[in-house]
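Residue numbers start from 1 in every chain, and the chains themselves are labelled A, B, ... in the order their sequence lines are given, proteins ahead of strands.
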Amino acid sequence: MSDITRRYSNQQLADLFTRIADLLEIKGEVVYKILAYRKAADSLTNLGRDVMDVWREGKLTEIPGVGKAIAEKIDELITTGKLGFLQKLESEVPPGLVDLLQVPDLGPKKAALFWKQLGVTNLAELEAAARAGKLRDLPGMGEKSEARILAGIEALSRRTTRTPLGKAWPFAQELLKLIREAQGVQAVEIAGSLRRMRATVGDIDLLAAAADSGPAMQALLSHPQVTRVMSQGVAKASVEFENNLRAQLWVHPPERFGTALQYATGSKDHNVRLRELALKRGLSLSDQAFLREDGSELLCAKEEEVYQTLGLPWIPPELREDHGEIQAALAGELPQVISVEDILADLHTHSTWSDGKLSIREMAKAARARGLKILAITDHSASLGVAGGLSVDEIQAQRAEIDAVQSELGDSIRLLQGCEVEIRSDGALDFPDEVLASLDIVIAALHSGLRQPRQQVTERMLSAIRNPHVDIIAHPTGRMIPNREGADLDIEAVFRAAAERGVALEINAHPSRLDLDDVLARRAVQLGIPLTINTDAHSEYDFDMLPFGVATARRGWVRAADVINAWGTDQLLGWLSRRG
DNA sequence: GCCGTTTTCGGCCCGACTGTTTTCAGTCG
């Protein structure tokens with residue numbers, strides 16, 4: 001085997017193959033080759049393992065969607081740091097053209113048209129050509145199309161990235177309420193990536209059931225914050241809001257709601273698989289209905305009926321990514337994924353002792369009101385000065401207050417004293433072992449030095465995991481959505497150490513973290529690592545972020561048995577006391 | 001370019017909407 005010239009992350013490789021797909025598409029290559037590159041890119045993003053490890057094992061072609069040709073390209077990249085195929089492609093198709101594909105309503109055919117007819121090679125040149133009125137005279141173009149592209153370019157500069165789940169969800173609830181109240185609306189549901197609970201969403205997809213689509217459509221279009229109506233038909237409309245969010249509403253008759261909801265929920269790849277399955281059964285599946293070979297329709301009012309018709313159990317939306325869920329469902333091996341009701345404890349919360357907004361008593365009451373049986377107060381340790389970290393003396397004083405609140409609240413909820421202890425930049429923990437030993441639960445976390453080199457930051461994490469008093473690693477990668485990537489951890493090494501020591505890794509439920517993410521959570525489960533889903537609550541409101549963490553776990557195929565705070569009280573307390 | 005209860009070649013999903021067109025191509029999800 002040749003040596004490594006350059007290390008690539010899964011995402012870097014995925015981005016390169018996406019780029020190849022974009023360039024090939026503009027070039028006019030056959031669609032299935034393009035789809036193959038996109039499939040490989042998606043597969044790499046969702047692999048859950050470091051592709052470098054897979055390469056080292058010589059098992060690249062075992063990655064779904066990676067065959068001989070793409071494996072050779074990955075190998076060439078790693079061993080030489082370059083890819084001849086891509087270099088040649090970029091000499092044939094100006095690389096700046098891929099940016100054009102970001103413009104709404106502008107796809108590869110038009111990008112090629114502007115390039116070949118007008119010599120446009122990047123976004124700036126396209127904008128200039130549009131302003132000069134040069135687009136409208138091209139074949140298939142007109143004044144409206146030109147204006148649309150210009151507006152799209154401007155929208156692009158306004159737009160940031162995808163919208164975090166935590167921002168899109170409450171706004172969608174507001175829209176849902178509005179549409180539900182419209183006349184004749186029998187049902188309305190969130191669909192798309194938001195229903196699948198992806199960490200970020202491109203837009204908000206909504207689906208309503210009504211015999212007459214008019215009132216539901218009108219309800220959306222008349223929302224006071226709508227700044228632009230992007231399309232508007234009988235069955236579908238899409239709009240943009242002041243906050244730059246976009247929403248899309250489909251309205252279908254109630255008797256067709258099942259197929260429509262299934263269709264609108266996606267993912268696209270999941271739907272493609274379902275349609276393939278339908279064809280094998282002599283049925284054609286669309287958002288409207290199943291079509292039999294004799295031309296008659298089979299309608300589904302409920303989504304369950306769509307799956308039933310295909311011989312499948314209903315598949316939870318969070319699993320619908322074509323990441324093996326259909327094969328698992330066919331084999332009767334779909335996991336019973338965890339639900340919010342399974343969570344009986346919150347093991348990572350803060351009080352006014354550090355940077356929380358509520359006292360221990362208030363936190364305990366808020367947790368109890370939400371049905372939790374156990375609450376761990378885990379304030380920050382001293383070196384996290386910005387968060388008012390506690391000194392050793394303060395930690396000891398805090399115990400008395402926790403005991404007092406415990407005796408006041410009796411058996412209604414069990415309080416644990418813990419700490420979110422800082423993993424210092426040299427890898428040492430913030431408190432001496434005897435202090436950690438006195439606590440009921442110890443969470444270790446990185447908050448600083450996240451940009452350290454891979455080996456250094458990984459070593460810090462490993463030394464924390466190896467400390468016998470550490471029970472949980474909070475938000476392991478330290479990513480912040482949408483702005484900060486996680487630390488450059490050798491996550492496989494972290495997983496190995498956690499599996500060996502039985503240390504639980506957290507899925508932090510806050511929508512700005514969701515860390516571990518779905519992909520890593522799934523890998524952790526495969527390795528038998530205990531997980532924990534916590535809110536990291538700093539206020540009462542934060543407790544309500546739990547569903548985001550649970551959804552992330554569901555996306556990672558996590559079952560209740562994999563999550564220590566979904567265990568029974570005795571089992572969890574037993575686990576903690578055995579760890580010491 | 002990938003893949004295999006259709007198996008080493010020949011397949012690889014479906015419809016709405018828009019703007020351009022007089023019947024369709026491009027884009028999107």
CD/E92(A): more than 12 non-hydrogen atoms of other groups inside 6.0 Å
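Correct, the count exceeds 12.
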Does H510(A) have its ring centroid less than 6.0 Å away from the ring centroid of F548(A)?
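Here the rings of F548(A) and H510(A) have centres that are no less than 6.0 Å from each other.
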Salt bridge [X]-[Y], side-chain N to carboxylate O under 4.0 Å:
X       : Y       : value
R49(A)  : E57(A)  : yes
R56(A)  : D53(A)  : yes
E276(A) : K280(A) : no

Give me the distance, rounded to whole Å, that separates dG11(B) from dA16(B) when you measure between the C1' atoms they each carry.
26 Å
Please work out which residues in [range] have a non-hydrogen atom less than 4.0 Å from an atom of DNA chain B and list them by number.
range                       : result
residues 18-38 of chain A   : Y32(A), K33(A), A36(A), Y37(A)
residues 301-327 of chain A : none
residues 66-73 of chain A   : V66(A), G67(A), K68(A), A69(A), I70(A), K73(A)

Under a plain distance cut-off of 3.5 Å, with no hydrogens placed, do D269(A) and S267(A) share a side-chain donor-acceptor pair?
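Judged by distance alone, the side chains do not pair up.
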Regarding Q262(A) and Y307(A), do their side chains bring together a donor and an acceptor under 3.5 Å, going by distance alone?
yes
Does Y8(A) have R6(A) sitting over its ring (NZ/CZ under 6.0 Å from centre, angle to axis within 45°)?
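Cation-pi check for R6(A) and Y8(A): passes.
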Give a yes/no verdict on a cation-pi contact between K73(A) and F85(A), requiring under 6.0 Å between NZ or CZ and the six-membered ring centre and an angle within 45° of the axis.
yes
Side chain of E276(A) only, please: which of dT18(B), dC17(B), dC12(B) is the nearest?
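It is dC12(B).
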Does dA16(B) have OP1 or OP2 sitting under 4.0 Å from an N or O in the side chain of Q288(A)?
yes
Within less than 4.0 Å of OP1 or OP2 of dT18(B), is there a side-chain N or O belonging to R148(A)?
no
Got a sec, which residues hit side-chain contact (heavy atoms from CB on, under 4.5 Å) with E293(A), two or more places apart in sequence or on another chain?
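In terms of side-chain contact (heavy atoms from CB on, under 4.5 Å), with neighbours along the sequence ignored, E293(A) is linked to no residue.
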Looking at every strand, decide which applies to S284(A) at a 4.0 Å heavy-atom threshold: base, sugar-phosphate, or nothing.
sugar-phosphate
ring-ring contact (aromatic ring centres under 6.0 Å, His included) contacts in which one or both residues fall within residues 106-150 of chain A, not counting sequence neighbours:
none
Quick one, R195(A) with T265(A), criterion side-chain hydrogen bond (donor to acceptor under 3.5 Å, both in side chains). Give me CA distance, side-chain angles, the key distance, then yes/no.
CA-CA 7 Å; R195(A) 182 161 180 241; T265(A) 299; 2.7 Å; yes
Within the structure provided, determine whether V226(A) and L221(A) are in side-chain contact (heavy-atom separation under 4.5 Å).
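No - every pair of side-chain heavy atoms lies 4.5 Å or more apart.
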May I have the distance from L100(A) (atom CG) to dT27(B) (atom P), rounded to whole angstrom?
11 Å
Using a cut-off of 4.0 Å between protein heavy atoms and nucleotide atoms, how would you tag nucleotides 20-26 of chain B 5' to 3' with B, S and -?
S-----S
